[in-house]
Amino acid sequence: MKKRTFLKLSSAILTTAAIAPLQSCESTPRRRNWAGNITYLSDNLYEPATVEELRDIIVNNNRIKAQGTSHSFNGIDNSTFNFVRLLRMNQVVSLDETNMTVTVQAGMRYGELCKYLEAKGYALHNLASLPHISVGGSIATATHGSGDRNGNLSSVVRGMKIMNAAGEVIDASSNLSSTIVHLGALGVVTEVTLAIQPSFQVRQHVYQYLPMSVLKEHFDEIFSSGYSVSLFFDWASENINQVWVKKRVTADDPGDAPVDLFGAKAASKDLHPIETISAVNCTPQMGVSGPWHERLPHFKLDFTPSAGEELQAEYFVPRANAYDAIAAVYALREQVNPLIQISEVRSIAADDLLMSPCRNQDSIAIHFTWKKDWDGVSKVLPLIERALDKYNVRPHWGKLFTLDPKVLQERYRGLGDFKKLINRFDPEGKFRNEFLERNLG
Ligand SMILES: Cc1cc2nc3c(=O)[nH]c(=O)nc-3n(C[C@H](O)[C@H](O)[C@H](O)COP(=O)(O)OP(=O)(O)OC[C@H]3O[C@@H](n4cnc5c(N)ncnc54)[C@H](O)[C@@H]3O)c2cc1C
């Protein structure tokens, strides 16, 4: 078992300073999340390679927090005590071609899984915008891609094993809808079984400058024009900058692109969502077909984004309110635009998962990639949350938000049941942290 101990910190109560701007480094730099906006408040990190090693760690520590690849932005994976990371438990456990499932260790990254599945002739239904995130950490926060008929990545989980606070591996398969979006609160997920399907080809086209007025008229047609559709914009003008349409290639698919999409013009070359940036790291566009995992993410699998010079927030609203919600944020463009790098709107199909932001409702997610300016962003988020309040907005569990915990709790009707589960899996609060205590109450 490998235990890394760096600077030992005191076990002080964690405060919301966890999402404060960067602090100056001490002689031994502390670990941070991908974006660098969260400083981890303990340097005790365990990296087990087996379930037995994991059990020893769980049993011998009173407080511990599981981490995936640290791509969350809000301290959901922070702790003042100890961390356990499963990046050495990252193998495929089994491929079941009869039931069309693959079982993986929770530390596996989607990028590695995609390569494995494609080599066997299989695919996942959808992917997030980047492949570097772990399966266990992604399903914890209901990470999603886009597509009217595509649920989030958690929605295709068909089995899960979790190690509880007593070090017992619980097969959660009989209670999946309550446990999949686990927020890191139930224990350490060791294995996840995912639905697969035969590999498929996708081609994508990008359209530029879609007027907001046209979006209002044709919202549903635009979002149903592909298997996965994304809008990119910076709130600077009355146009959506880009519409990315990803279509599954079918036998009767002519393969050519319409020259426009409700007035938005087909791009004449590959584009980055931020047009001033080179498209060299973006997945091929212009209708060139390719395997699912090389088209569904916007960025190439072998492109490793450097530590992010960005902050992210994302809000879910019911699909029925999609245009009105976008218009409500648009009314704040003078505050939003100076801080924004790019926004993306995606659609996600309803699911039945207890803590999913898309539970029982087809949803639209309005995403913000902000400049790394927490002072500014922390002032704009409450304005956006207020503007979206009438649509019962729910924030992404892994991104920044300032919503009052009482309001957040009201938005999750299943929270009472989820808390009962937490008490069953973790009666002494071994896996709790400040994020969970503050937001779940
Ligand atoms: C550049 C970038 C792009 C992104 N794009 C998208 C996107 O397209 N769509 C989207 O929805 N989100 C997106 N995100 C957000 C990201 O996908 C989520 O925050 C996701 O949860 C991160 O997974 P992770 O493996 O890094 O987990 P972490 O951030 O390390 O942890 C997330 C949660 O999972 C828990 N956890 C992790 N592993 C385990 C385990 N084995 N057992 C128990 N609990 C565990 C942690 O305790 C924590 O609660 C993006 C983030 C970045 C930085």
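Just follow the structure's listing: the first ligand is 1, and inside any ligand the first atom is 1. Heavy-atom basis, side chains included; hydrogens, waters and symmetry copies ignored.
Numbered from 1 in the order shown, with element, the atoms of ligand 1 that lie under 4.0 Å from a heavy atom of Leu183 read 49 (O). Of all atoms in ligand 1, numbered sequentially from 1 with element shown, those under 4.0 Å from a heavy atom of Gly68 are 25 (O), 27 (O), 28 (P), 30 (O), 37 (C), 38 (N). Shown in contact with Lys65 at under 4.0 Å from a heavy atom are these atoms of ligand 1, numbered in order with element: 47 (O). Those atoms of ligand 1 that come under 4.0 Å of a heavy atom in Ala128, given as number and element, are 7 (C), 8 (O), 9 (N). Every atom of ligand 1 with a heavy atom of Ser129 under 4.0 Å away is listed here by number and element: 3 (C), 4 (C), 5 (N), 6 (C), 7 (C), 8 (O). The Gln312 neighbourhood of ligand 1 comprises atoms 1 (C), 2 (C), 3 (C), 4 (C), 50 (C), 51 (C), 52 (C), with distances under 4.0 Å to a heavy atom of that residue. Residue Ser134 approaches ligand 1 through these ligand atoms, each under 4.0 Å from one of its heavy atoms: 25 (O). Atoms of ligand 1 lying under 4.0 Å from any heavy atom of Ser70, numbered from 1 in the order shown and given with element: 26 (O), 28 (P), 29 (O), 30 (O).
For Trp34, no nitrogen or oxygen atom sits less than 3.5 Å from a nitrogen or oxygen atom of ligand 1, counting backbone and side chain alike. No N or O atom of Ala142 sits closer than 3.5 Å to an N or O atom of ligand 1. Residue Val189 has at least one N or O atom closer than 3.5 Å to an N or O atom of ligand 1. Remark: ligand 1 and His396 share an N or O pair separated by less than 3.5 Å (distance only, no angle test). The shortest N or O to N or O distance between Thr143 and ligand 1 is under 3.5 Å. At a 3.5 angstrom cut-off on N or O pairs, Gly137 counts as close to ligand 1.
Inter-residue side-chain proximity for Val51 and Met163 is flagged as met; some heavy-atom pair is nearer than 4.5 Å.
Checked against a 6.0 Å centroid threshold, the rings of His144 and Phe316 count as neighbours. Centroid-to-centroid, the aromatic rings of Phe425 and His182 stay 6.0 Å apart or farther. In this structure, Tyr412 has its ring center closer than 6.0 angstrom to the ring center of Trp397.
Using a 4.0 Å cut-off between heavy atoms, Ala66 contacts ligand 1 through both its backbone and its side chain. Of all the heavy atoms of Asn152, none lies under 4.0 Å from any atom of ligand 1, so neither backbone nor side chain is involved. At a 4.0 Å heavy-atom cut-off, ligand 1 touches Thr141 through the side chain alone. When heavy-atom distances to ligand 1 are checked against a 4.0 Å cut-off, Phe73 comes that close only through its side chain, counted from C-beta outward.
Residue contacts with ligand 1 include Lys399, since one of its heavy atoms falls under 4.0 Å from the ligand. Residue-ligand proximity: Gly187 is placed with a non-hydrogen atom under 4.0 Å from ligand 1. Residue contacts with ligand 1 leave out Ala35, since none of its heavy atoms falls under 4.0 Å from the ligand. Ligand 1 has His182 within reach: a non-hydrogen atom of the residue lies less than 4.0 Å from it. Taking 4.0 Å as the cut-off, Arg346 counts as a neighbour of ligand 1 on heavy-atom distance.
Under the 3.5 Å distance criterion, with hydrogens and angles disregarded, no donor-acceptor pair is assigned to the side chains of Asp77 and Ser72. Using a 3.5 Å distance cut-off with no hydrogens or angles, the side chains of Tyr227 and Asn150 do pair a donor with an acceptor. Using a 3.5 Å distance cut-off with no hydrogens or angles, the side chains of Ser230 and Glu344 do pair a donor with an acceptor. Side-chain contact, Ser343 with Trp235: a donor N or O sits under 3.5 Å from an acceptor N or O.
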Step by step, work out the ring pair (Phe, Tyr, Trp, His ring centres under 6.0 Å) result for His272 and Phe299.
CA-CA 9 Å; His272 188 282; Phe299 299 100; 5.6 Å; yes
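Between the OG1 atom of Thr103 and the CD atom of Glu191 there is a distance of 6.5 Å, given to the nearest 0.5 Å.
When the ring-ring contact (aromatic ring centres under 6.0 Å, His included) test is applied to Phe223, the partners found at least two apart in sequence or on another chain are Phe219. By the side chain to side chain contact (heavy atoms under 4.5 Å, CB included) test, Glu428 is found to be paired with no residue, residues two or more places apart in sequence or in another chain being considered.
Checking each of Arg85, Arg88, Gln67 against Glu47 for a side-chain hydrogen bond (donor to acceptor under 3.5 Å, both in side chains) leaves exactly one that passes, namely Arg85.
A salt bridge links Asp389 to Arg411: at least one charged side-chain nitrogen sits closer than 4.0 Å to a carboxylate oxygen.
The heavy atom nearest to atom 34 (O) of ligand 1, out of those in Ala140, Gly136, Ser154, Pro131, is found in Ala140.
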